[in-house]
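Remarks on the structure that follows.
Computation of the quantities below employed the complete heavy-atom set of this structure, encompassing side-chain atoms and omitting hydrogens, waters and symmetry-equivalent molecules. Index from 1, following the sequence.
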Amino acid sequence: MFNMGMTELILILVIALVVFGPGKLPEVGKALGKGIQEFRKATSGESAKEETRELKSEVKAEEKK
């Protein structure tokens, strides 16, 4: 589908560097990585499992009181 070579990737990186600047580029990359991670969790159903675990741990903590 996307037949991208090294030249195209370098061109995209240069454009991103010009648009965002060298100071903001790491922040943009970090935000993009977190977004992809959250998307993967949502599509695999991990977030529902984590919420269930958190609820169970809260219930256990209240039972101990």
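In this structure, F20 is a member of the same hydrophobic cluster as I15, with clusters built from ILVMFWY side-chain heavy atoms closer than 4.5 Å. Linking ILVMFWY side-chain heavy atoms closer than 4.5 Å, directly or via other members, places L25 and V14 in two distinct hydrophobic clusters. A continuous path of hydrophobic side-chain contacts links V19 to L17 [ILVMFWY only; heavy atoms under 4.5 Å].
P26 approaches G23 most closely through the heavy-atom pair CD-O, 3.6 Å.
The CE atom of M4 sits 9.0 Å away from atom CG of L11, with the distance rounded to the nearest 0.5 Å. I10 CD1 to E8 CD: the interatomic distance, rounded to the nearest 0.5 Å, is 9.5 Å.
Inter-residue side-chain proximity for E38 and K41 is flagged as met; some heavy-atom pair is nearer than 4.5 Å.
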